[in-house]
Amino acid sequence: PLANATECFEAVAKVGPTPRTTKIISSTSFPAGCVMYDHANGTVDAVFNAAGSTTHCGTGGSVFTGKVSSSVTAITIDLTLDTTVPGGVATITLTGPSAFWFGAGFNANAMADLPYTIIVDGLGNVTERKLGDHDPGSQLKTQVVVKSNTVSQGVRTVILTRAFRGLTVDHYTFDPSVTSIPMINAAGSGPALAFHKTRTTAMLEIVALDAATCVCNGGTKGTINGVAFSKDCAPPPTGDLLEQKNPSCWIQTYQGGLSCCSHGNILLDKEQPVDPRKDSYSLKFRFWFQEYTPAVAPAPASHQNLLRFWVQTEAFSGEYDVVQCAAGMPSAECVQVITSRFKVSDMMFCQGFDDKDCTNRTGPGINLIYVSGHCHAPSCLSLELYNADTGELICRQEPVFGTGSGQPFDEEGYIAIPPCLFGPATEGLVPPTLLRWDTNMMSIKRNNNTYAHYGEMASWQMRGIYV
C-alpha cells in the first residue's frame, strides 16, 4: 500500500493523466488508502482515505477500461470491459503499422507462456492464435467480431468485440476483477506473420469508470532488451530466495542470467561487433525402441505412459545467483544452500500438453521412474529430494568428474550428473515408493560459492506413472 497522500497522488499521475483534483479524506464509506476515480470524459480524481474501511475497490463500477502503448513496437492496445451486457462484452482496439503484421498476447510475459494472441497482418486480416514457445503456435476458432478496420497515415486501427468468456480453454477469458493484465506485443518486417522485428512487454492496468480504483505500489519493474523482467520468488517454506535476499529476485539487483538471454539477443562484450556470419550445423540422432504390446487380459500392456513432473527448488524464479562467499573463507567451507517445500500435487507439469492423461488424476498418487536435478557445473555440489513426511531420501545426485581414462564420458574435464532410476528389482533397480498427492516433499540444493555464478538452476525434471 501507498503510505501517504503525497505518494498516492504521485502514483495516480503515473497510472493515468495528472489528477484533476486531489483530496485527503477519512471515511469508512470509501475504500481505504489511495483511490483514483477515472471518468468517462478522460479526467481523473485522486483521493487518499486515511481511515480504515471494508469498502471494496470498483464498487458500483459497470465499465472497466485500460490502455497501453509501446514506442518500441508502435502498437497501442485499448481494452474496454462492459458488464452491463449479459455475458459481458470486451472491446479491443489495436493500432499498429499498416504495412506489417502486428499482434498482442494476453496474460503473458513471453511467448513461452503460450498466450491467447490476436494477430493483424499487413492486409488487415485478423486471426486468433495460441502461441508456442518461440513458435507461431496454432490458429484458433474465430471469436472476435471485427467492427472496423481502417488505415490512416500508415497506421492501422482495428476495433474488435467478443464475449468475456473464452470460446475454448485456449481463448483468454476476461474478468473485470483482474486489475492488471501482462501483455506481450510484437510487429514484423513484412505483411505475413513471421519472426518479429520488434517486440516488448507491457502491463495493461484496468480501471473502473466513474468508480473507485485502488492504486498500490507494485514494486519497481522494468525490461531487459525489451523483455519484461518477471520474477516470482516465493517466501518460505516454499522457497528461500526472498528470505536470503538473492539478487536474482529484483531488477534493481539483477546481475545476469536468463533474463539477459532472451531469444534473438547476442551476448558480447560492449566493444565487440556483431559478426553477421552464421554457422549451420546438423545433428544426427539414433533411437532404440521396443515394440508396444497392448494389454490383453490377464497380461498388462508392455509399456506405460511416462508423464512429466517438474518443480523448482529456486521457486519460482527459474534461476538464482550463487552469491560469492566472504573474502578469506576457505573454499571447502564456501557452501550456499537453498531449500524448497511442496506437495506431490505441485509437481504436475501440464503446461502446453494436450494429453488428457496429464490431468486425469484418478488414483492415490504416483510412482517416480526417472528423477534428475538440473544443476550447473562446476559449482554444483549436490541435489537431494526427500519425502518430508517420512524423512526418506528419494534421490541424491552429485557430479561425477571424468578421470581421463580414455573411455567415452570419462574424459578429463567431463562432468556427469547421473539420474536416479526406479523400476523392477529383477532389472537391478530400486522399486519406486508410492507418493500420494498430498505427500509433503523437500528439496535441498548445495553449491560451492567460492566464485559468484549467475543463472544457476535447481529444478527437478522427473518422469513417472500414475498409481
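Values in this document were obtained by computation on a predicted structure and should not be read as measured data.
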What distance separates [X] [atom1] from [Y] [atom2], expressed to the nearest 0.5 Å?
X: L160; Y: T93; atom1: CG; atom2: OG1; answer: 7.5 Å
X: N440; Y: K343; atom1: CG; atom2: NZ; answer: 4.0 Å
X: D133; Y: D113; atom1: CG; atom2: CG; answer: 9.0 Å
X: L385; Y: S372; atom1: CG; atom2: OG; answer: 11.5 Å
X: R446; Y: C375; atom1: CZ; atom2: SG; answer: 12.0 Å
X: S189; Y: W101; atom1: OG; atom2: CH2; answer: 9.0 Å

Using modelled atom types and a 3.5 Å cut-off, is there a donor and acceptor pairing between side-chain atoms of [X] and backbone atoms of [Y]?
X: D121; Y: N125; answer: yes
X: T179; Y: I206; answer: no
X: Q143; Y: H171; answer: no
X: E456; Y: V322; answer: no
X: S340; Y: A315; answer: no
X: S302; Y: T293; answer: yes
X: T55; Y: P31; answer: no
X: N367; Y: I465; answer: no
X: R129; Y: I118; answer: no
X: E411; Y: G404; answer: no

Tell me yes or no: between the side chains of [X] and [Y], is some donor less than 3.5 Å from an acceptor?
X: S177; Y: D175; answer: yes
X: N109; Y: T201; answer: no
X: D321; Y: S248; answer: no
X: N448; Y: S379; answer: no
X: T91; Y: T80; answer: no
X: E384; Y: Y386; answer: yes
X: S443; Y: T313; answer: yes

Do [X] and [Y] have side-chain heavy atoms sitting under 4.5 Å apart?
X: M347; Y: M462; result: yes
X: V323; Y: Q336; result: yes
X: V169; Y: K130; result: no
X: N447; Y: V335; result: no
X: V311; Y: F316; result: no

What do you reckon, is [atom1] of [X] surrounded by more than 12 foreign heavy atoms closer than 6.0 Å?
X: Y451; atom1: OH; answer: no
X: E243; atom1: CD; answer: no
X: Q304; atom1: CD; answer: no
X: D269; atom1: CG; answer: yes
X: R436; atom1: CZ; answer: no
X: F195; atom1: CZ; answer: yes
X: Q290; atom1: CD; answer: no

**OP:** Tell me if the SG of C325 lies under 2.5 Å from the SG of C334.
**Re:** yes
**OP:** May I ask you to check whether the SG atoms of C34 and C8 are separated by less than 2.5 Å?
**Re:** yes
Give the minimum heavy-atom separation between [X] and [Y], together with the two atoms involved.
X: R341; Y: A388; value: NH1-CB, 4.2 Å
X: L258; Y: G318; value: CD1-O, 3.9 Å
X: V35; Y: A212; value: CG1-CB, 3.4 Å
X: F229; Y: I224; value: CD1-CD1, 3.9 Å
X: A202; Y: V68; value: CB-CG2, 3.6 Å
X: L241; Y: S317; value: CD1-CB, 3.8 Å

**OP:** Evaluate the criterion ring-ring contact (aromatic ring centres under 6.0 Å, His included) for residue pair Y466 and W437; output intermediate values, then yes/no.
**Re:** CA-CA 10 Å; Y466 288 145; W437 294 115; 5.7 Å; yes
**OP:** Could you check V344 against M441 for side-chain contact (heavy atoms from CB on, under 4.5 Å), going step by step and ending with a plain yes or no?
**Re:** CA-CA 7 Å; V344 169; M441 308 289 287; 3.9 Å; yes
Salt bridge [X]-[Y], side-chain N to carboxylate O under 4.0 Å:
X: E128; Y: R162; answer: no
X: K67; Y: E205; answer: no
X: R396; Y: E398; answer: yes
X: E319; Y: K231; answer: yes

**OP:** List the steps and the verdict of ring-ring contact (aromatic ring centres under 6.0 Å, His included) for F100 and F102.
**Re:** CA-CA 6 Å; F100 310 122; F102 62 92; over 10 Å; no
Subject >> Y320 vs Y454, ring-ring contact (aromatic ring centres under 6.0 Å, His included): CA-CA, chis, key distance, verdict >> reply: CA-CA 7 Å; Y320 68 104; Y454 309 135; over 10 Å; no
**OP:** Could you give me the CA-CA distance, side-chain angles and deciding distance for N185 and T73, then say whether side-chain hydrogen bond (donor to acceptor under 3.5 Å, both in side chains) is met?
**Re:** CA-CA 7 Å; N185 62 91; T73 59; 2.5 Å; yes
**OP:** Before giving the answer on side-chain contact (heavy atoms from CB on, under 4.5 Å), spell out for F422 and V371 the whole-Å C-alpha distance, their side-chain angles and the decisive distance to 0.1 Å.
**Re:** CA-CA 9 Å; F422 302 89; V371 180; 3.9 Å; yes
**OP:** List the steps and the verdict of side-chain contact (heavy atoms from CB on, under 4.5 Å) for D410 and T403.
**Re:** CA-CA 6 Å; D410 193 39; T403 63; 2.6 Å; yes
Original post:
Would Y172 and Y116 count as a ring-ring contact (aromatic ring centres under 6.0 Å, His included) if you check the C-alpha gap in whole Å, the side-chain angles of each, and the deciding distance to 0.1 Å?
Top reply: CA-CA 6 Å; Y172 181 70; Y116 165 76; 7.0 Å; no
**OP:** Please state whether the rings of Y292 and H303 are parallel, tilted or perpendicular, taking 30° and 60° as the class boundaries.
**Re:** tilted
Original post:
When you look at Q244 and I338, which way does the side-chain contact (heavy atoms from CB on, under 4.5 Å) test go after all the steps?
Top reply: CA-CA 9 Å; Q244 294 179 1; I338 66 169; 3.6 Å; yes
